[in-house]
*Asks:* 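Take this structure, written in structure tokens, and hold onto it; I'll ask about it next.
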Amino acid sequence: PILYSYFRSSCSWRVRIALALKGIAYDTVPVNLLKDGGQQFSAEFKAVNPMQQVPALKIDGITLSQSLAIIHYLEDTRPNPRLLPQDPKKRAQVRMIADHIVSGIQPLQNLSILKQMGEKKMEWAQNCIASGFQALEQILQHTAGRYCVGDEVSMADLCLVPQVANAERFKVDMGPYPTITRINKDLLELEAFKVSHPSQQPDTPADL
């Protein structure tokens with residue numbers, strides 16, 4: 001497998017966690033979203049992913065983009081360890097939390113939007129994340145055990161940790177979100193979350 005990734009991309013990080021949890025070895029092709037006006041806009045990368053976004057994963061003779069689509073494929077083809085609970089209600093809760101983050105929070109504060117916000121980008125990102133986290137904190141108070149849904153690591157957790165990292169980068173006050181903070185702390189103790197961390201990637205700048 002070949003993963004087209006950017007060290008700081010939260011969407012790429014989700015997929016790196018899934019690959020690590022499932023013990024899938026892969027090669028990384030870094031795509032720097034800032035250098036050369038954004039390497040994702042090159043003709044070469046557009047041929048890999050017409051949406052010109054990371055991540056993209058070449059695996060089993062196909063190329064997939066969109067982090068949740070990739071993770072669902074890995075789940076379907078390499079089911080151990082399981083990232084979706086067997087219980088239909090818990091499975092729906094996992095998907096709900098994952099969608100809440102990947103549709104309702106992250107796209108509003110990603111690079112392409114922030115570029116358009118100019119000087120207000122920090123304030124905009126903080127507001128988008130805070131409003132999403134207010135809802136997420138409330139949801140997790142009903143679903144969480146040790147992790148987002150019960151005591152097993154799920155797709156929801158793969159979305160949570162990178163989004164908390166974004167919140168910290170944009171200096172969001174995490175005080176009002178004790179459940180999110182606790183789950184994030186526990187997840188960061190796990191090996192798969194450590195090896196996939198932005199600080200541990202081949203394209204991480206030396207000063208970071």
Side-chain angles (χ1 to χ4, degrees), residues 8-22 55 66-110 113-114 122-198:
R8 192 173 255 164
S9 153
S10 56
C11 304
S12 299
W13 189 2
R14 295 169 196 152
V15 173
R16 295 196 302 260
I17 301 167
L19 290 164
L21 283 167
K22 291 180 179 291
Q66 298 300 331
S67 61
L68 284 195
I70 294 169
I71 295 166
H72 275 292
Y73 177 76
L74 297 176
E75 183 73 354
D76 289 342
T77 57
R78 294 147 175 92
N80 291 316
R82 202 169 50 231
L83 296 177
L84 279 170
Q86 283 179 312
D87 175 71
K89 290 177 183 173
K90 284 189 173 178
R91 184 179 281 243
Q93 288 173 329
V94 166
R95 286 182 167 140
M96 170 180 73
I97 293 163
D99 275 345
H100 182 91
I101 295 167
V102 306
S103 304
I105 305 176
Q106 190 274 330
L108 298 172
Q109 48 91 111
N110 78 359
I113 298 290
L114 293 182
M122 191 70 143
E123 184 190 350
W124 171 268
Q126 287 173 346
N127 289 340
C128 293
I129 295 169
S131 67
F133 273 12
Q134 282 162 20
L136 187 59
E137 177 69 20
Q138 207 174 324
I139 291 165
L140 290 172
Q141 285 168 7
H142 297 285
T143 64
R146 182 158 189 197
Y147 304 122
C148 283
V149 178
D151 298 325
E152 301 294 321
V153 174
S154 72
M155 208 176 283
D157 300 295
L158 276 57
C159 298
L160 181 85
V161 168
Q163 187 56 56
V164 173
N166 282 349
E168 289 168 347
R169 204 166 99 235
F170 293 119
K171 299 180 169 49
V172 173
D173 173 17
M174 292 299 292
Y177 319 117
T179 315
I180 293 174
T181 302
R182 174 187 65 75
I183 295 169
N184 182 64
K185 186 169 175 282
D186 284 345
L187 288 164
L188 285 173
E189 298 291 313
L190 303 177
E191 187 62 20
F193 287 79
K194 288 180 185 174
V195 299
S196 58
H197 193 278

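Please read these numbers as outputs of a predicted model, since none were measured by experiment. Note that the numbering runs from 1 along the sequence shown for the chain.
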*Asks:* Rounded to the nearest 0.5 Å, what separation is found between the CZ atom of R14 and the CG atom of L160?
*Replies:*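 The CG atom of L160 is 11.0 Å from CZ of R14, to the nearest 0.5 Å.
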*Asks:* What pairs of donor and acceptor atoms, side-chain ones from residues 183-196 against any protein atom, are under 3.5 angstrom apart with sequence neighbours left out?
*Replies:*
from, atom 1, to, atom 2, distance (Å)
S196, OG, W13, NE1, 3.0
S196, OG, A192, O, 2.7
S196, OG, F193, O, 3.3

*Asks:* Find the distance between CE (M96) and CG (L136) and round it off to the nearest 0.5 Å.
*Replies:* 9.0 Å
*Asks:* Which heavy atom in I113 sits nearest to a heavy atom in L108, and how many Å separate them?
*Replies:* CG2-O, 3.4 Å
*Asks:* List, one per line, each side-chain donor-acceptor pair under 3.5 Å for residues 167-174, sequence neighbours excluded.
*Replies:*
from, atom 1, to, atom 2, distance (Å)
R169, NH1, N166, OD1, 3.3
D173, OD1, G175, N, 2.9

*Asks:* What's the spacing between C11 SG and N110 CG if we round to 0.5 Å?
*Replies:*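 The CG atom of N110 is 7.5 Å from SG of C11, to the nearest 0.5 Å.
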*Asks:* For S131 and C128, which heavy atoms make the closest approach, and how far apart are they?
*Replies:* OG-O, 3.2 Å
*Asks:* To the nearest 0.5 Å, what is the distance between CG (L74) and CG (L83)?
*Replies:*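 CG of L83 is found 8.5 Å from CG of L74.
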*Asks:* Please find the pair of heavy atoms, one from S10 and one from Q106, that lie closest to each other, and give the distance.
*Replies:*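 Shortest heavy-atom contact: OG-CG, 3.5 Å.
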*Asks:* Quick one: does C159's side chain get under 4.5 Å of I97's, heavy atoms only?
*Replies:* no
*Asks:* Enumerate donor-acceptor pairs with a distance under 3.5 Å from any side-chain N or O in residues 145-155 to protein atoms, sequence neighbours excluded.
*Replies:*
from, atom 1, to, atom 2, distance (Å)
D151, OD1, R146, N, 2.7
S154, OG, A156, N, 3.3
S154, OG, D157, OD2, 3.4

*Asks:* Could you give the distance from NE2 (H197) to CZ (R16), rounded to the nearest 0.5 Å?
*Replies:*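 That separation rounds to 9.5 Å.
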*Asks:* List in chain and number order the residues that pass side-chain contact (heavy atoms from CB on, under 4.5 Å) with Q141, two or more places apart in sequence or in another chain; answer none if no residue qualifies.
*Replies:*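 With neighbours one apart ignored, the set is E137, T179.
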*Asks:* May I have all residue pairs that pass salt bridge (charged side-chain N to carboxylate O under 4.0 Å, His left out) and include part of residues 74-103, sequence neighbours excluded?
*Replies:*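 Applying salt bridge (charged side-chain N to carboxylate O under 4.0 Å, His left out) to every pair that reaches into residues 74-103, excluding sequence neighbours, yields K22-E75, D60-R78.
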*Asks:* If you look only at pairs with a residue in residues 69-109, which of them pass as a ring-ring contact (aromatic ring centres under 6.0 Å, His included), with sequence neighbours excluded?
*Replies:* none
